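Have a look at the structure below, then the notes.
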Amino acid sequence: MTYSNNPLIKIENLSYAYPRRGAVLKSINFTLHSNERVVINGDNGAGKTTLLHLIVGLKKAKQGDIIGFGEPCKTEKQFNQLRARAGLLFQDPDDQLFCPTVLEDVMFGPLNLGFTKQQAIDKSLQTLKKLGMQGFESRITHQLSGGEKRMITLASVLVMEPQVLILDEPTNALDEKAKMRLLNVLQGLPQAMIIISHDRAFSDQLATRQLHLQDGLLTEPSKSTVAVA
């Protein structure tokens, strides 16, 4: 696979520590290019979610640089610009869905970008249709199943037309049918992706590259590491 010279996201010497826990990330270096779907594996507590939150500016790095789409990100304004092009799918859909109805949740992003209400409605309906979720517009969000909530959170991200998808345990609490539906959708999307998943069967079908986070270090896994569930 060939890539352009300029990565979509680049991390240089990124370190992070929690006050009572010590360093969880130590001089992390990472690049994401167009057409890549990078899966990051690692034990619980290894710092995988922390890394994703640092990339989009939900946490602030203690050391190192995050470069999004060619621009260094230090300030909240700069991270806001990055988040408009790199959409984060939270591990728990309930952390991302907060409006009464499905349509209101999906419209929230476009309205914040300055779209008119009708433009936001049209864009949201198109996105829901692409995901096979037409007819859910008036459904009460908190009454949806886990799989339905996951698809709506994905719609709320895709409606923003990001260049990068950042997925934190996307199969969390999904049954096999919902996992397969999500897998089929993700395989058909053009966006580059960073994926955290403990579901090896799921992530192996998506990954173009796999990395392993352990003891604060992000490395290419050995074959023996990849074989561990």
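Here, residue 1 is the first one in the sequence, and each next residue gets the next number. Computed from a prediction, not measured in an experiment: that's the story for all the values here.
- Counting heavy atoms from C-beta on, the side chains of Met151 and Arg181 come closer than 4.5 Å.
- Side chains of Gln126 and Asp122: a donor-acceptor N/O pair is absent below 3.5 angstrom, by distance only.
- Checking side-chain atoms of Gln187 against main-chain N and O of Gln205 turns up a donor-acceptor pair under 3.5 Å.
- Within the structure, salt bridge (charged side-chain N to carboxylate O under 4.0 Å, His left out) contacts touching residues 150-170 (residues at least two apart or in different chains) are Lys123-Glu161.
- With rounding to the nearest 0.5 Å, the separation of OG1 in Thr49 from CD in Gln91 is 5.5 Å.
- Within the model, atoms NZ of Lys179 and CG of Leu186 stand 13.5 Å from one another, a figure rounded to the nearest 0.5 Å.
- Residues Pro93 and Ile152 are not in side-chain contact: their nearest non-hydrogen atoms beyond the backbone lie 4.5 Å or more apart.
- Taking each heavy atom of Leu89 and Pro170 in turn, the nearest pair found is CD2-CB, 4.5 Å.
- Ile67 approaches Gly70 most closely through the heavy-atom pair CG2-C, 3.7 Å.
- Using modelled atom types, one side-chain atom of Gln191 and one backbone atom of Pro162 make a donor-acceptor pair closer than 3.5 Å.
- You'll find the side chain of Ser124 stays beyond 4.5 Å of the side chain of Glu104, heavy atoms only.
- Between Ile194 and the choices Leu211, Leu8, Leu52, the side chain to side chain contact (heavy atoms under 4.5 Å, CB included) rule is met once, by Leu52.
- In the hydrophobic clustering of ILVMFWY residues, with side-chain heavy atoms under 4.5 Å counting as a link, Leu144 and Leu97 come out together.
- One N or O on the side chain of Arg37 and one on the backbone of Leu206 form a donor-acceptor pair closer than 3.5 Å.
- Side-chain N or O atoms of Lys48 include none that pairs as donor or acceptor with a backbone N or O of His212 at under 3.5 Å.
- A heavy-atom distance below 4.5 Å is found between the side chains of Arg209 and Glu36.
- Under the 4.5 Å side-chain heavy-atom criterion for Ile, Leu, Val, Met, Phe, Trp and Tyr, Leu25 and Tyr18 are members of the same hydrophobic cluster.
- In this structure, CG in Leu165 is found 6.5 Å from CG in Leu154, a value given to the nearest 0.5 Å.
- At least one donor-acceptor pair under 3.5 Å links the side chain of Glu137 to the backbone N or O of Gly135.
- Going from atom CZ of Arg85 over to atom CG of Asn80 covers 14.0 Å, rounded to the nearest 0.5 Å.
- Separating the CZ atom in Phe90 from the CD1 atom in Ile166 is a distance of 10.5 Å, to the nearest 0.5 Å.
- Side chain of Asp175 to main chain of Lys177: a donor-acceptor pair is present (N/O by atom type, distance under 3.5 Å, no hydrogens or angles).
- For the residue pair Asp204/Gln210, the side-chain donor-acceptor check at 3.5 Å is satisfied.
- With a 6.0 Å radius and a threshold of 12 heavy atoms from other residues, nucleotides or ligands, Lys59 has its NZ atom above the threshold.
- In this structure, Ile196 is not a member of the same hydrophobic cluster as Leu182, with clusters built from ILVMFWY side-chain heavy atoms closer than 4.5 Å.
- With rounding to the nearest 0.5 angstrom, the CG atom of Leu54 is 8.0 Å from the CZ atom of Phe79.
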Verdict with supporting geometry, Ile55 and Leu14, side-chain contact (heavy atoms from CB on, under 4.5 Å): CA-CA 10 Å; Ile55 290 172; Leu14 185 70; 5.7 Å; no

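- Sparse packing is recorded around NZ of Lys130, with 12 or fewer heavy atoms of other residues, nucleotides or ligands lying under 6.0 Å away.
- By the rule that hydrophobic residues join a cluster once side-chain heavy atoms approach within less than 4.5 Å of another member, Met133 and Met107 end up as members of separate clusters.
- The cluster map of Ile, Leu, Val, Met, Phe, Trp and Tyr, joined by side-chain heavy atoms under 4.5 Å apart, puts Ile28 and Val24 in the same cluster.
- Within the structure, the ring pair (Phe, Tyr, Trp, His ring centres under 6.0 Å) test picks out the following pairs touching residues 100-149 (sequence neighbours left out): Phe98-Phe108.
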Salt bridge (Lys or Arg N to Asp or Glu O under 4.0 Å) between Lys74 and Asp65, intermediate numbers included: CA-CA 8 Å; Lys74 295 288 187 184; Asp65 296 302; 2.9 Å; yes

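- Here the closest non-hydrogen pair linking Ala192 and Ser34 is CB-CA, 4.4 Å.
- When atom types are taken as modelled, the side chain of Ser145 and the backbone of Glu148 share a donor-acceptor pair closer than 3.5 angstrom.
- Gln96 contributes a side-chain N or O that, together with a main-chain N or O of Leu88, makes up a donor-acceptor pair within less than 3.5 Å.
- Summarising the geometry of Val39 relative to Ala207, their closest heavy-atom pair is CG2-CB, 3.5 Å, with the distance given to 0.1 Å.
- Residues Ala86 and Ile9 share a closest heavy-atom pair of CB-CD1, 4.4 Å.
- Annotation: Lys60, atom NZ; neighbour count of heavy atoms from other residues, nucleotides and ligands within 6.0 Å is above 12.
- Side-chain N or O atoms of Asn29 include one that pairs as donor or acceptor with a backbone N or O of Asn13 at under 3.5 Å.
- With contacts defined as side-chain heavy-atom distances shorter than 4.5 Å, the pair Val38/Phe30 qualifies.
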Test salt bridge (Lys or Arg N to Asp or Glu O under 4.0 Å) applied to Arg83 and Glu76, step by step: CA-CA 10 Å; Arg83 287 192 290 265; Glu76 183 60 20; 2.4 Å; yes

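- Of all heavy-atom pairs between Thr127 and Ala155, the closest is CG2-O, 3.6 Å.
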